[in-house]
Amino acid sequence: QVQLVESGGGLVQAGGSLRLSCAASGRTFSGYAMAWFRQAPGKEREFAAAISWSGGTTRYADSVKGRFTISRDSAKNTVYLQMNSLKPEDTAVYYCAATRNSRVALTTIDYWGQGTQVSVSS
């Protein structure tokens, strides 16, 4: 079992930055690919960013590419999402996720965090 706890959400003006953190506990962290998904009001949960278990490979949704950066610190069992140049359309609940599957998708996630709210005002 892996427990994921997100933090760092909040309210920010358009153009601003936030850094989300996801602390993992329980079973070994290193064997899991980690990801961030987000869900805006009235919309389905969608993929935002992912990082391989080694940290050597990252992938981003087109909507966040060039603005968001995912990283992980295995010594701290923590994954981060640095969000820059935020837009009102980035407003959503952001969820940390872990999977042992090589393919990161909604259907392959093994563990979810409880989510953290990010609100971007125009």
Lys43 meets the salt bridge (Lys or Arg N to Asp or Glu O under 4.0 Å) criterion, sequence neighbours left out, with none
How far apart are the closest heavy atoms of Leu18 and Gly8, and which atoms are they?
CD2-O, 3.9 Å
May I have all residue pairs that pass disulfide bond (SG atoms under 2.5 Å apart) and include part of residues 15-122, sequence neighbours excluded?
Cys22-Cys96
So how far is it from Met34 CE to Ser71 OG, rounded to the nearest 0.5 Å?
11.5 Å
Salt bridge present between Lys65 and Asp62 (N-O < 4.0 angstrom)
yes
If you group Ile, Leu, Val, Met, Phe, Trp and Tyr by side-chain heavy-atom gaps below 4.5 Å, do Val12 and Phe68 land in one group?
yes
Side chain to side chain, Arg100 and Trp53, heavy atoms closer than 4.5 Å
no
Hydrophobic cluster membership, Val93 vs Val79, 4.5 Å side-chain cutoff:
no
Any side-chain heavy-atom pair from Met83 and Asp90 closer than 4.5 angstrom?
no
Determine whether a donor-acceptor pair (N or O, by modelled atom type, separation under 3.5 Å) exists between the side chain of Thr91 and the backbone of Val120.
yes
With sequence neighbours left out, what residues match Arg72 under salt bridge (Lys or Arg N to Asp or Glu O under 4.0 Å)?
none
Show me the pairs that pass salt bridge (charged side-chain N to carboxylate O under 4.0 Å, His left out) and involve residues 104-116, at least two apart or across chains.
none
For a 4.5 angstrom cut-off between non-hydrogen side-chain atoms, does Tyr80 reach Thr69?
no
Any side-chain heavy atom of Trp36 sitting closer than 4.5 Å to one from Val64?
no
Can you find a heavy atom in the side chain of Ile109 that is under 4.5 Å from one in the side chain of Tyr95?
no
Thr108 side chain to Arg103 main-chain N or O, any donor-acceptor pair under 3.5 Å?
yes
Side chains of residues 44-51: which donor-acceptor pairs under 3.5 Å do they make with residues two or more places apart or in other chains?
from, atom 1, to, atom 2, distance (Å)
Arg45, NE, Gln39, OE1, 3.4
Glu46, OE2, Arg38, NE, 2.8
Glu46, OE2, Arg38, NH2, 3.4

For the backbone of Val5 and the side chain of Gln114, can you confirm whether one donor and one acceptor N or O come within less than 3.5 Å of each other?
no
What's the shortest heavy-atom distance between Pro88 and Ala14, and which atoms?
CD-CB, 4.1 Å
On a heavy-atom basis, the closest approach of Leu4 and Ala24 is CD2-CB, 3.7 Å
Which word best sums up how the rings of Phe37 and Trp112 line up, parallel for under 30°, tilted for 30 to 60°, or perpendicular for over 60°?
perpendicular
Write out all pairs satisfying side-chain hydrogen bond (donor to acceptor under 3.5 Å, both in side chains) with one or both partners inside residues 12-22, taking only residues at least two apart or from two chains.
Ser17-Asn84
Pairwise distance CD(Gln82) to CD1(Ile70) - rounded to 0.5 angstrom:
12.0 Å
